[in-house]
Amino acid sequence: MDIYLTLKVIWWLLLGVLLIGLAVMVGMDMGVGTILRYVGRNDLERRVAMNIIGPHWDGNQVWFILGGGAVFAAFPLIYATAFSGLYVVMLVLLWSMIVRPLGFEYRSKLASSGWRNVWDWSLFVSGFVPMLVFGAAIGNLLQGVPFHFSWNLTSYYTGSFLALFNPFAILCGLLSVAMSVLMGSLTLMNKSEGAMWQRAQRLALMAAGLAVVLFAIGGFWVHALEGYRLVGGPAGGMAQTPLQQTVQRSAGAWLDNYAVHPLLWLVPALGFAGMIGAALAARAGRSFFGWWLGAAGWAGMIGSVGAAMFPFMMPSSSNPSQSLTLWNAVSSQGTLTWMLGFALVFVPLVVWYTSWAFYVMRGKVRPEQIAHDEHAY
Amino acid sequence: MIDSTVVELSRIQFASTALYHFLFVPLTLGLSFILATMETIYVTTGKTIYKEMAQFWGKLFLINFAIGVATGLTMEFEFGTNWSFYSSFVGDIFGAPLAIEGLMAFFMESTFVGIMVFGWDRLKRGQHLAVTYLVALGSNLSALWILIANSFMQDPQGARFNPHTMRMELSSFTDLIFSPDAQAKFVHTSIAGYVTAAIFVCGISAFYLLRKRHVELANRSFRVAAVFGVLATLGVITLGDALGFVGGHAQPTKLAAMEALWKSEKGPMPFSVVAFPSQKEQKNYAEIQVPYALSLLVTHTLDGSVPGADQLEAEAAQRIRNGIPAVKALQALSRDPGDQSALATFRAHQKDLGYGFLVQGFQKDLDKVTDADIQAAARYSMPPVWPVFWSFRVMVAAGFTMLAFFVLAMIFSLQNSVDKRRWFLKIALWMIPVPFIANEVGWLVAELGRQPWTVFGVLPTWMSASTHSVAYMVFSLAGFVLIYSSFIVVEMFLMVRAIRQGPDEPHGPAAPALSTSHAEA
Amino acid sequence: MFRRIIMFALVMGLALLVLFLAIVLGDRAPWYLAWVLGTGTIVLVAAAGGAMYDAQQEEAASRKSPDRA
């Protein structure tokens, strides 16, 4: 039993790591997409920006796919309930995301400026919209989503599509866009020179400032938000379904964990420190250092949400007692064990060869290289 | 109860997005290894023309790869968005290979594909070759894990139902990944990708040879692809036979549909080359049969016999009767997880749980199930026969056509006479669609033949879908049609344009690059 | 010398790994093993076919040139 409990918590933490990986790696590419038309004033500049992330966007995007796969494998009920319940939002996310690979590969295949403009805008949409939806989804999870289960765990979503775009969710969505713009700008600063570097620096400062403000507002808002509290049900280490527990809603309940373990306040503090540090580093021109601080900011933000919600993952606003927690939505012990084995072997391997790929492609990207390189985007 | 229109629309959406995705995937699987082959020749012989070949075909590879990645994202979403009950019911087993696919294979493929494209001038020759091999290996390992997941739907190995969590759970990971269906299906599909790419390279090389453009590059590409294709086609046919053998035992209903067998008979059984099956009348019109052939093909003996639809229907009816108490016991367990007598009843009947679900498609309330409901559900347990029967025949015919083509292609290429045989070059050009058609109908045989189940014998399709409204489904279908149609237009336009343009530096026959002391370009 | 010893050890390790995999796969997963061997064969034979093209061209060229000389 204790082994199962430990595995559940480990996978909850691993999912957090994956979400942070996704936010940092995919977020920076999407940020570049969002600001592409601002930092690149002419075609050659835009191509420089695209080629900076060109060799890596595909590998980075796997974080997203892996995130989806890991939720499916480790928390199948969350995958099933969230993806079907938020159907229209998920499709908007998907449709905006599937344009991106084509945008990268196809944009520079034709010289026509009309063609390239269309793909530029599609890269903007496929950078801005997914990050907005990503943040808004987390915002909705914090508020709870209206769904319930039948006796055999068929899920029914009873909310409307527009209700998912409520003010709190939009705040979270904008926060996530701001973070992605910050990371994208820092990435461009790392590998560009001259006017583009300066524009990226200006954007990084603005985005970091906006993120700090939005994160602070979000923090106060959560005080007033109706949180969820698990008041009864099977022990965490037991195999169980969401039909067997009792959950209460009350304002401020999301701060329970922080009240019990005050050390947890360090997590949101890390978020603020990371964002402010990234801004200071960007101002000092130390963008490489700033990138890592920005990543720490993401980790602090996602970590604070996780710390607030634990053990909840997807609360139900219409039937709180059927909320999905990490205790009742998780996979079986056998699956978690095997997956952990694979993760222990392959995650370090992935980190190693991703670093090698960045090492191979090190150095600034210069316009004259791109003009002569037939492989460039 | 899920609206049956929603189920049908969900099936149409899944099938069309999967078929669309599967237009691009096989070419990626095969072309990556052909690129690796060409680059191997470049690195071992030092002849730069092979580098140009690898780069030119690499450009076409990327146009195809981008859309394959994009449409693959859809598949990752769609289990959750449209098949949510399926996802929660078998996610414990089905999700694992998908997650491992991302971690082990897709990461590798995607990270190295960037280096493969951008790294020509930054890596040593041997390093770049290794990167190309890693891309090829990564894309095929991706296919491995996806097909392990798919094989679980065909032949659910390594899983058992847990009444405490109301879902299927993993009982043996090794049974799951080493299931005979997974093995045969992976090798069959991966090598079908090799065949697809070999035909693609042969066809486009033939286009250049017909126009007398890029002759040096086209002749060499044709040679490599012809040899590659001959061996690969032999592999596909061997594995197709193995898959039929394995699948025939795991899914007798699929086999009966593939062969349009309505009545069980004693072996030796004849093989119907042509028939016009009628599901309503449970018989065939205008059959043309080859004696002994079916026994030989499916049982690998001369007088083996295979059950027909009548026998399978009777077995299904029996299993439905046995499955009804299992579902009822499960309902009791859902109300009270501590109910010991319900648990005992469940254990006694659990192997037919899926058949109990199946009849609920005809009568929701299991206390009111009549014999007529059971008969209807049993008849419904056969997949639609004529599309499976004909898809199978089209696939096999395509396979043997391609084998004949490759044998000739290899002979002509070894004689160095292929560029003089314009009739053959024209055939090569017209062969390009054949493997794509074969891949699509192959998917249809596998997945239509699995109906009416999502997980064979365990979970009926009608139960698996998400509880959406028809309006949602119309919205999403319209979106997919719009986006995917524009995708294919753009992709075909760029592909044809890149082919017409040809390699960047045209190699005249007068300038064979033989320098072995090749410096970085 | 030291590098060679390391290379030797690495290659030996790889060979042992391949042997081990072949034994395990051959037992439980004959078709997977067939895929590994088959893909290797297809790639190598196709590469040899390509290299043979160049050999044929060179041979044809050398057969022609003495006539002209």
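Quantities reported herein were computed from a predicted structural model and do not represent experimental measurements. Per chain, numbering begins at 1; letters A, B, ... match sequence-line order.
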CZ on Phe149(A) to CG on Asn328(A), rounded to 0.5 Å: 8.0 Å
Nearest-0.5 Å distance, NE2 of residue His56(A) to OG1 of residue Thr187(A): 10.0 Å
Ring centroid separation Phe65(B) to Phe24(B) under 6.0 Å: no
Parallel, tilted or perpendicular, as decided by the 30° and 60° cut-offs, for the rings of Tyr156(A) and His148(A): parallel
Chain B contact via Gln240(A) - which portion, at a heavy-atom distance below 4.5 Å: backbone
Shortest non-hydrogen separation from Gly356(B) to Leu366(B) and the atoms involved: O-CD2, 4.2 Å
Pro337(B) portion near chain A, given a 4.5 angstrom heavy-atom threshold: side chain
Segment of Val350(A) engaging chain B (4.5 angstrom heavy-atom cut-off): side chain
Whether Trp145(B) and Phe173(B) hold their rings parallel, tilted or perpendicular, with breakpoints at 30° and 60°: parallel
Which portion of Trp356(A) sits near chain B, non-hydrogen atoms under 4.5 angstrom: side chain
Leu73(B) portion near chain A, given a 4.5 angstrom heavy-atom threshold: both
Under 4.5 Å from any heavy atom of chain B - which part of Val330(A): backbone
Reported CZ-to-CG distance for the pair Phe79(B) and Leu98(B), which is rounded to 0.5 angstrom: 6.0 Å
Proximal component of Leu103(B), with respect to chain A [non-hydrogen, under 4.5 Å]: both
Top of Val71(A), Thr354(A), Asn60(A), Val88(A) for chain B proximity - count of heavy-atom pairs under 4.5 angstrom: Val88(A)
Most chain B-contacting option - heavy-atom pairs closer than 4.5 Å, from Phe64(A), Phe83(A), Tyr87(A), Phe342(A): Tyr87(A)
Region of Met116(B) in contact with chain A, defined by heavy-atom distances below 4.5 Å: neither
Engaged part of Leu77(A) at the chain B interface, taking heavy atoms whose separation is under 4.5 Å: both
Proximal component of Val131(B), with respect to chain A [non-hydrogen, under 4.5 Å]: side chain
Chain A contact via Arg497(B) - side chain, backbone, both or neither, heavy atoms under 4.5 Å: side chain
Per-residue contact mode, Leu330(B) against chain A (heavy atom under 4.5 angstrom): both
Thr335(A) (side chain) donor-acceptor with Asp92(B) (main chain) under 3.5 angstrom: yes
Part of Glu109(B) within contact of chain A (heavy atom distance under 4.5 Å): neither
Met90(A) portion near chain B, given a 4.5 angstrom heavy-atom threshold: both
Ile65(A) portion near chain B, given a 4.5 angstrom heavy-atom threshold: both
Structural part of Phe89(B) lying under 4.5 Å from a heavy atom of chain A: neither
